[in-house]
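Structure record follows, encoded as structure tokens.
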Amino acid sequence: MKRILITGAAGFLGSHLCDRFIAEGFQVIGMDNLITGNMANIEHLFNLKQFEFYHHDVSKFVHVPGNLDYILHFASPASPIDYLRIPIQTLKVGSLGTHNLLGLAKAKNARILVASTSEVYGDPLVHPQTEDYWGNVNPIGPRGVYDEAKRFQEAITMAYHTYHGLETRIIRIFNTYGPRMRVDDGRVLPAFFSQAIQDKELTIFGDGSQTRSFCYVDDLVEGIYRLLLSDYHMPVNIGNPDEITIKEFAEEVLKMVGKGRLSFHPLPENDPKRRRPNIELAKKILNWEPKVGRAEGVKLTYEYFKKVVPDTVKQ
Ligand code: UDP
């Protein structure tokens, strides 16, 4: 049985990855310091022999007994309000945490895949974003702590590949959504759904003309699985190229939930104006493309939010 360490296991993506690798017959070791993760996301795994859990901060030395075949490094705050609240931890997990896990991978002779992000492209001047674009990042802006940690993560991962011959994989993840997103993580999808369900104002930042392209979590997990098992070590974009403005997205949520109303608020500093992945590389190397359209994926996610957001209207 192959053994895989998944950091950030109690988070949104980490928990879905635990499920997938258990389903594929792996022995899964989950690790999380629970700063932004939630044990409820992995509670159902604790009665399985195939699952172990370590409550640990990977910014500190990481020890895992026994052999390891693979490491997935998904520990990090990932939403703008989180990395504004805990900027130093965000920098540390992307830099020191990645360094510790690369060292562990080297010691165990394991293959490591690190979670990078579309944020390495910053507020992009190239659209849609291809992997060979170097980005437009403000290092000292509010997003700098996340963006630069992830850029450092890519640099050190490539250095371990080049200088130590380590088996490394780098995925650049674009906006992803689905069940288990934290209701209060501040990102647009949980924000709009919780506001609409409670018949509150949907808080559009700016005039809502900025765009994002939303990928359903199952599609992302499939892309990660394929990339890990591939023999490609350069960064690969995984995301859904179906681009929409934030205002149009708010209107879709209003229509689906049948409650709430739009309100406009100042745009946060350095908020990227457009974002959409070019996924030609993933198509070619991994034979991957997203299968779940926004209408279907958003409906599945709405079902989840209906269960976890208190409906203040229905007393
Ligand atoms: N956004 C918004 N209202 C909210 C939360 C976010 O209009 O309540 C906007 C945000 O300014 C950005 C987009 O939605 O332009 C996506 O934001 P999110 O925090 O989900 O992720 P980002 O892609 O910016 O990292």
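We count ligands from 1, going down the list as the structure has it; atoms in each ligand are counted the same way. Quick note: numbers below take in every heavy atom, side chains included, and nothing from hydrogens, waters or symmetry partners.
The shortest side-chain heavy-atom distance between R261 and D199 falls under the 4.5 Å cut-off. Proximity of N240 to V292: side-chain heavy atoms (C-beta onward) are nowhere separated by under 4.5 Å. Put simply, the side chain of V62 reaches to within 4.5 Å of the side chain of M31, judged on heavy atoms.
Cation-pi contact between R20 and Y225: present, with separation from the ring centre below 6.0 Å and deviation from the ring axis of at most 45°. The cationic group of K49 does not satisfy the cation-pi geometry with F51, failing either the under 6.0 Å distance to the six-membered ring centre or the 45° limit from the ring axis.
Residue D271 has at least one nitrogen or oxygen atom sitting less than 3.5 Å from a nitrogen or oxygen atom of ligand 1, judged on distance alone. The shortest N or O to N or O distance between L267 and ligand 1 is not under 3.5 Å.
Close contacts of ligand 1 with G186, meaning ligand atoms under 4.0 Å from a residue heavy atom, involve 5 (C). Which parts of ligand 1 touch A191 is read off a 4.0 Å heavy-atom cut-off, strictly below it: atoms 8 (O). Against a heavy-atom cut-off of under 4.0 Å, E119 is close to the following atoms of ligand 1: 25 (O). Every atom of ligand 1 with a heavy atom of I204 under 4.0 Å away is listed here by number and element: 7 (O).
A side-chain donor from one of N237 and Y121 sits under 3.5 Å from a side-chain acceptor of the other.
Looking at M181, R212, R274 and measuring to atom 22 (P) of ligand 1, the nearest heavy atom belongs to R212. Ranked by closest heavy atom to atom 2 (C) of ligand 1, the top entry among L202, N270, T203, T211 is T203.
Between the side chain of R212 and the backbone N or O of R276, no donor-acceptor pair lies under 3.5 Å. Not a single donor-acceptor pair under 3.5 Å links the side chain of Y302 to the backbone N or O of G297. Within the 3.5 Å criterion, the main-chain N or O of I197 finds a donor-acceptor partner in the side chain of K259.
Under a 4.0 angstrom heavy-atom cut-off, P80 registers as being in contact with ligand 1. At least one heavy atom of F192 sits less than 4.0 Å from an atom of ligand 1. Remark: distances from the non-hydrogen atoms of H265 to ligand 1 are all 4.0 Å or more. Residue contacts with ligand 1: Q195 is excluded, as none of its non-hydrogen atoms falls under 4.0 Å.
Between Y70 and F21, the distance separating the two ring centers is not shorter than 6.0 angstrom. Ring centers of Y177 and F12: at least 6.0 Å apart, outside the cut-off.
Shortest contact from atom 7 (O) of ligand 1 to any protein heavy atom: F205 N, 2.8 Å. The shortest contact between atom 24 (O) of ligand 1 and any protein heavy atom is with R143 NH2, 2.8 Å. For atom 9 (C) of ligand 1, the nearest protein heavy atom (residue, atom name, distance) is Q210 NE2, 3.8 Å. V188 N, 2.8 Å is the protein heavy atom nearest to atom 20 (O) of ligand 1.
Only the side chain of I246 comes within contact range of ligand 1, with a heavy atom under 4.0 Å; no backbone atom does. Both the backbone and the side chain of R187 come within 4.0 Å of ligand 1, counting heavy atoms alone. At a heavy-atom cutoff of 4.0 Å, ligand 1 is contacted by the side chain of N175 but not by its backbone.
Atom CE of M234 is surrounded by 12 or fewer heavy atoms from other residues, nucleotides or ligands within 6.0 Å.
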